[in-house]
Amino acid sequence: VLAPGSRMLTYGAMSGEVMRVSGAQLIFQRLSVEGFHLTAWTNKASKEKIAEMWKYLIQGYSTGTLKPPRILAEYDLSQIQSAIHRVVKKTESGKVLLKLSST
């Protein structure tokens with residue numbers, strides 16, 4: 001539930017699930033919904049803004065204000081089919097990592 005005049009920013013759509021938003025809520029509560037794509041942002045952002053973002057993230061993780069995503073599993077490149085299967089079955093929330101080298 002959003003407060004009147006709020007903006008919802010969505011980032012990450014790997015689940016492929018359709019977002020359902022009530023038109024009446026958007027209109028009468030003056031809500032807005034916006035998508036965010038990191039690559040598009042970094043292509044437009046100044047070096048100063050990108051450095052500011054990294055500083056914010058590093059401080060947040062250092063102090064515990066921000067929490068990293070849950071890592072479900074790590075797979076070697078030779079196990080790519082298992083890694084893809086784990087992602088596609090969508091029964092758990094978190095990240096599946098693919099290691100591209102043994103080092």
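By the side-chain contact (heavy atoms from CB on, under 4.5 Å) test, T42 pairs with L38, I50, sequence neighbours left out. The side-chain contact (heavy atoms from CB on, under 4.5 Å) test applied to H37 returns T39, A40, not counting sequence neighbours. By the salt bridge (Lys or Arg N to Asp or Glu O under 4.0 Å) test, E74 is found to be paired with no residue, residues two or more places apart in sequence or in another chain being considered. Evaluation of the side chain to side chain donor-acceptor pair (under 3.5 Å) rule for S46 yields E48 as partners, not counting sequence neighbours. Every side-chain contact (heavy atoms from CB on, under 4.5 Å) that L9 has, sequence neighbours left out, goes to E34, F36.
Residue K49 places its NZ atom among 12 or fewer non-hydrogen atoms of other residues, nucleotides or ligands, all under 6.0 Å distant. No more than 12 heavy atoms of other residues, nucleotides or ligands sit less than 6.0 Å from atom OH of Y56.
Residues S6 and A3 come closest through the heavy atom pair OG-O, 2.6 Å. Here the closest heavy-atom approach between residue R86 and residue A73 is recorded as NH1-CB, 3.4 Å.
Side-chain contact between M19 and M8 is present, with at least one heavy-atom pair separated by less than 4.5 Å.
Following chains of ILVMFWY side-chain contacts shorter than 4.5 Å, one cannot reach L2 starting from I27, and the two form parts of different hydrophobic clusters. In the hydrophobic clustering of ILVMFWY residues, with side-chain heavy atoms under 4.5 Å counting as a link, I80 and L100 come out together. No chain of hydrophobic side-chain contacts below 4.5 Å, direct or via other Ile, Leu, Val, Met, Phe, Trp or Tyr residues, connects I58 to Y61. Residues Y11 and W54 fall within the same hydrophobic cluster, defined by Ile, Leu, Val, Met, Phe, Trp and Tyr side chains chained together at heavy-atom separations under 4.5 Å.
Using a distance-only test at 3.5 Å, with no hydrogens or angles considered, a donor-acceptor pair links the side chain of Q79 to the main chain of D76.
In this structure, CG in L97 is found 10.5 Å from OH in Y75, a value given to the nearest 0.5 Å.
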Return all side-chain donor-acceptor pairs below 3.5 angstrom for residues 63-72, not counting sequence neighbours, or 'none' if the list is empty.
unit_1, atom_1, unit_2, atom_2, d
T63, OG1, Q59, O, 3.0
T63, OG1, G60, O, 3.4
T63, OG1, T65, N, 3.4
T63, OG1, T65, OG1, 2.9
K67, NZ, G64, O, 3.2
R70, NH1, S93, O, 3.0

